[in-house]
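All values below come from the heavy atoms of this structure, side chains included, with hydrogens, waters and symmetry mates left out. Small disclaimer: the values here were computed from a predicted structure and weren't measured.
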Amino acid sequence: YEWDFFGIWGLKGRTFFDHGGIDWNFVKTSISHPDYPLLVPLLYDLVAIAGGRWDERALGLIFTGLCASVVVIARCHLAAEWDSHTLAAIGTLAVVFPALNLWIGLAEGAVMAFGCAGLLFIRRADPASMRIGALLLGFAAWSKNEGMALIGVTVVALLMARRFRDVLRMWPALAVISP
């Protein structure tokens with residue numbers, strides 16, 4: 001996992017920070033997977049810009065925030081769905097363990113957080129939740145290539161559930177990944 005941070009995600013983030021923006025020449029010519037999406041390195045860059053310097057220790061804040069967000073979203077959705085606060089708390093506890101990402105610096109934490117939260121919103125099926133869920137799935141796809149497959153699988157699941165209008169409501173995911 002160190003190679004993924006030092007050779008891909010962290011390297012791109014540090015290069016963007018040092019360059020003062022996205023260095024497209026570096027992205028196209030680097031050995032560090034030019035096909036990988038850029039959201040995670042840009043999140044690293046955001047932390048460095050906010051802190052005024054590159055500090056790898058501060059990057060853990062991203063993953064702490066993503067994990068906490070998924071747990072809070074799951075708790076809210078479960079509490080709204082179930083009448084029992086005890087069941088909602090137990091369900092939230094079940095979400096905590098997969099949400100904890102022990103390998104800070106990898107894009108898997110962002111894919112998991114955005115993907116799981118997006119699927120929870122899409123499960124509700126109302127138009128506003130569909131938009132939020134589609135946006136979150138778009139962020140999952142912009143975090144790592146596997147997020148793109150998650151969008152495809154979600155569309156297939158919606159088609160199988162005969163939620164045809166909801167397939168059309170997935171357009172924000174495409175808008176996020178189109179750049």
Side-chain angles (χ1 to χ4, degrees), residues 1 4-5 9 13 36-47 50 58-179:
Y1 65 90
D4 281 359
F5 176 76
W9 311 108
Y36 277 10
L38 299 179
L39 183 58
V40 172
L42 290 174
L43 288 173
Y44 293 162
D45 205 27
L46 178 68
V47 170
L59 302 180
L61 296 172
I62 295 168
F63 297 94
T64 303
L66 289 171
C67 175
S69 298
V70 170
V71 171
V72 169
I73 289 169
R75 173 68 171 105
C76 290
H77 281 262
L78 293 174
E81 188 172 324
W82 295 337
D83 292 332
S84 169
H85 290 290
T86 304
L87 286 177
I90 292 170
T92 303
L93 185 62
V95 171
V96 168
F97 295 108
L100 294 174
N101 185 357
L102 301 178
W103 297 286
I104 292 174
L106 303 182
E108 281 77 3
V111 172
M112 183 282 312
F114 290 125
C116 289
L119 292 174
L120 285 169
F121 276 100
I122 286 173
R123 191 168 173 267
R124 282 195 172 168
D126 64 89
S129 293
M130 282 298 301
R131 280 190 297 276
I132 294 169
L135 280 171
L136 290 169
L137 287 181
F139 292 146
W142 210 38
S143 298
K144 196 167 182 192
N145 293 340
E146 287 83 349
M148 189 74 80
L150 184 57
I151 292 173
V153 168
T154 303
V155 168
V156 169
L158 290 171
L159 289 171
M160 291 176 66
R162 299 188 183 278
R163 290 174 55 186
F164 302 116
R165 284 191 177 166
D166 288 340
V167 171
L168 297 176
R169 290 184 179 126
M170 290 290 293
W171 69 266
L174 299 176
V176 169
I177 61 175
S178 62

With a 4.5 Å cut-off on side-chain heavy atoms, are [Y] and [X] touching?
X    : Y    : answer
T92  : V71  : yes
L119 : L150 : yes
P37  : N145 : yes
F114 : L135 : no
V72  : R75  : no
L159 : V155 : yes
R124 : M130 : no
I122 : M170 : yes

How close do [X] and [Y] get, counting heavy atoms only, and between which atoms?
X    : Y    : answer
R169 : A134 : O-CB, 3.9 Å
I177 : I151 : CD1-CD1, 4.4 Å
A141 : M148 : CB-N, 3.6 Å
A140 : V111 : O-CG2, 3.8 Å
V70  : C116 : CG1-CB, 4.4 Å
A117 : I73  : CB-CD1, 3.8 Å

Geometric class of the H77/F121 ring pair [parallel <30°, tilted 30-60°, perpendicular >60°]: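 Aromatic pair F121/H77 classed perpendicular.
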
Any donor-acceptor pair under 3.5 Å from [X] side chain to [Y] backbone:
X    : Y    : value
D126 : S129 : yes
S178 : A175 : yes
T64  : G60  : yes

Can you list the steps and then say if V40 with W142 is a side chain to side chain contact (heavy atoms under 4.5 Å, CB included)? CA-CA 8 Å; V40 172; W142 210 38; over 6 Å; no

Inter-residue atom distance [X].[atom1] - [Y].[atom2], 0.5 Å rounding:
X    : Y    : atom1 : atom2 : value
L61  : L43  : CG    : CG    : 12.0 Å
L120 : C76  : CG    : SG    : 10.5 Å
S143 : L106 : OG    : CG    : 12.5 Å
T154 : D166 : OG1   : CG    : 11.5 Å

More than 12 heavy atoms of other groups within 6.0 Å of W171 CH2: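 No, the 6.0 Å shell around CH2 holds no more than 12 heavy atoms from other groups.
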
Measure centre to centre between the rings of Y36 and W9, then say whether the value is under 6.0 Å.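 Yes.
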
